[in-house]
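To start, the structure under review is shown below, and the notes come after it.
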Amino acid sequence: MKWDHLIKNGKIVTPEATYGAHVYIKGGKIAAISQELLEGEAKKTTDAEGLHILPGLIDTHVHSRDGGSTYKEDFFHSTKAAAAGGITTIFEMPNTNPPVNNAENFQAQLENLSAKAHVDFGMWGICLGDLNIGDLEDLNDAGVIGFKYFWGYAVDKNNYRLIYDYKEGMEDVIPPSDDGGVYRMMEAVAKTGKTFAIHAENSDLINHLTNEMKETGKSDYATVLAGRPSLAEEMTIQAGIAMAKQTGTRLHVLHVSSKEGTEAIKLAQEQGYPITAETCPHYLFLTNEDYETIGPSMKVYPLVKYQEDQDRLWQGIEDGTFSLVCSDHAPHTQEEKQGDLWSVPAGMCGVESLAPLMLNAVSEGRISLQQVAALLSENPAKQFGVYPQKGSLQPGSDADFTIVDMDKQMTIKRENLHSKSKVTAYDGFQIKGVPVATIVRGTTVMKDGEILTGPVGTLVKPL
Ligand code: DOR
C-alpha cells in the first residue's frame, strides 16, 4: 500500500485559495495534495465530495482546569470537546494547581495531560512575578508555547491559585506585581523570544468602581459592567504596549473585548511594534443586550460589552488587528453559574462551539472560509512557532484536518456538549456550517459528531 489514507474530491481551503484536490496521508503526515488522482493504493479512502478541508484548527486559549478544579473540567473532557468541535490542537493555559511555573511542573503537567489528550496540545507557561522570574528561561527550554501573565491578579500563597478580586489585607496572598515587576518580567520574556500574553484589565480601577457600583444595591448587567468598563482594558493594554516598546517583547493581548482596546492595539501595530491580539466568539456574537435572555452563563472576564464594541471587533478581524480567534474555554459548574451576577464566576465552555460559530459567520457572509483557515490555523501556528508542522496543508506537515460541511445545519445544545460542566451562552443557537471530521496526525478522532478514539494527542512544541 502506498498511502495510509486518501481523502478524495474535497475542496481544499487555505488562507490564499480554495480548490478541488485529493489529499494523501502517510505516516501521520501529508504526503501529497493533488488535483489529479495519483498512482498507488490507499489502505483507506474517504469521499469528501461536497465538503471543505481546512488545515487542522487550533484553539490557542483553553482552561481545562486539570489539575486543581477537575470537578469543573479536565483534559480528557476538554480535548474530547475540542475533537467534537473540529479542533485538532489546543494550547492549554498554565493557571492550574500546581501551575506551569517552572520546568519541573511543566514535565509533571505534560505527563498528566498526555494520558488524557484526544487532540494535540501546546502548553503555556505562567509568569508569577518575583515568584518565578528566575524560572522563565528553563520553562522556555522545556517547550512552552508562550508566557501568560494575569495582570493585576493576586496569587494564593498556599496553592498558587489566582485571585481575581484581590483586596488589600487578604491573608496568605501574594499581591499583584507592581508595574516595575511587570516590566522586569517582560524583559525576562523578551530574552526568550517568546510571546508575553496578557489578561488586560486594570484591577485598581475595577476594584474602585466595583465597590461604588455594589453600593447601589443593584446587580443588573449594566451596573456590573459599569464596575468593569472598557477603560480597564484600555489602560492595561496601553501600559503593556508602553512596556513592550521599551523591552522589545512580543506582546499578545488576550481576549480583547472593547473598541478602545482594539484601537490602542491597532495604533501600536501601525507604529511597527510586534503586538498581536485575539478576540473570542463571546465578544463577536454577544452584546450586553443578550444578558436578558441568556443570564449569568454569559459572564466572562473581560465582560461582554456593547454593540459598538462588537462592530469594532469585527472590523479588527477584517483589518488584521486580530491575528486569531480562540475560545477562552473556561468552564464552571451549572450550580456555580447560577445566582447573583456579582458573585457568579466568570467563564464558560467554548472549545466545542468555536469552529461552528465561526463557520456560521461564514454562512452569514461576515467572513470567508479562507479567513477561518487563517484565524484558526495558519496565523496561530505561525505566531506561536509551530508552523509548518501545524497550520499548513503542505507535504511534510502533520496530517491535521478539519473537514466541514457548509450545508449542514445544527443547533448548539447544552446537553450535547462533551465538557464536564455544560455551561454555554449559545444553547439553542442555530448553526449552518458544521465540522464533520477531525483528523489529528492522520487519525480520525471525530466523524459525524462521534468520537472514534481514546487519547491520541501529543505535545507540540515551538520549532
Ligand atoms: O472569564 C474568564 N474566566 N476569563 C478569564 O480570563 C479567566 C477565566 C477562568 O479561568 O475562569
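Note: hydrogens, waters and symmetry copies are ignored here, and every other heavy atom, side chains too, is used. Each ligand, and each atom within it, is numbered from 1 in the order the structure gives.
- Taking a cut-off of under 4.0 Å to the non-hydrogen atoms of Ala330, the atoms of ligand 1 that pass are 3 (N), 8 (C), 9 (C), 11 (O).
- Separation of the His329 and His63 ring centroids does not fall under the 6.0 Å cut-off.
- The aromatic ring centres of Phe76 and His118 sit less than 6.0 Å apart.
- Of the N or O atoms in Lys299, none lie within a sub-3.5 Å distance of an N or O in ligand 1.
- A heavy-atom separation below 4.0 Å is found between His255 and ligand 1.
- Aromatic ring centres of Phe285 and Phe429 lie farther apart than the 6.0 Å criterion allows.
- Aromatic ring centroids of Tyr153 and Tyr166 lie 6.0 Å or more apart.
- Proximity of His332 to ligand 1 is established by a heavy-atom distance of less than 4.0 Å.
- In this structure the side chain of Pro331 reaches within 4.5 angstrom of the side chain of Cys349, judged on heavy atoms.
- For a threshold of 3.5 Å applied to N or O pairs, the pair formed by Lys148 and ligand 1 contains no separation below that value.
- Here Arg65 has side-chain heavy atoms under 4.0 Å from ligand 1, and that is the only part of it that gets that close.
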Determine, stepwise, if the pair Asp309 / Lys259 fulfils salt bridge (Lys or Arg N to Asp or Glu O under 4.0 Å). CA-CA 5 Å; Asp309 297 288; Lys259 175 172 170 264; over 6 Å; no

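- Taking only nitrogen or oxygen atoms, main chain and side chain alike, Ala346 reaches within less than 3.5 Å of ligand 1.
- Each of the following atoms of ligand 1 lies closer than 4.0 Å to a heavy atom of Val300: 1 (O).
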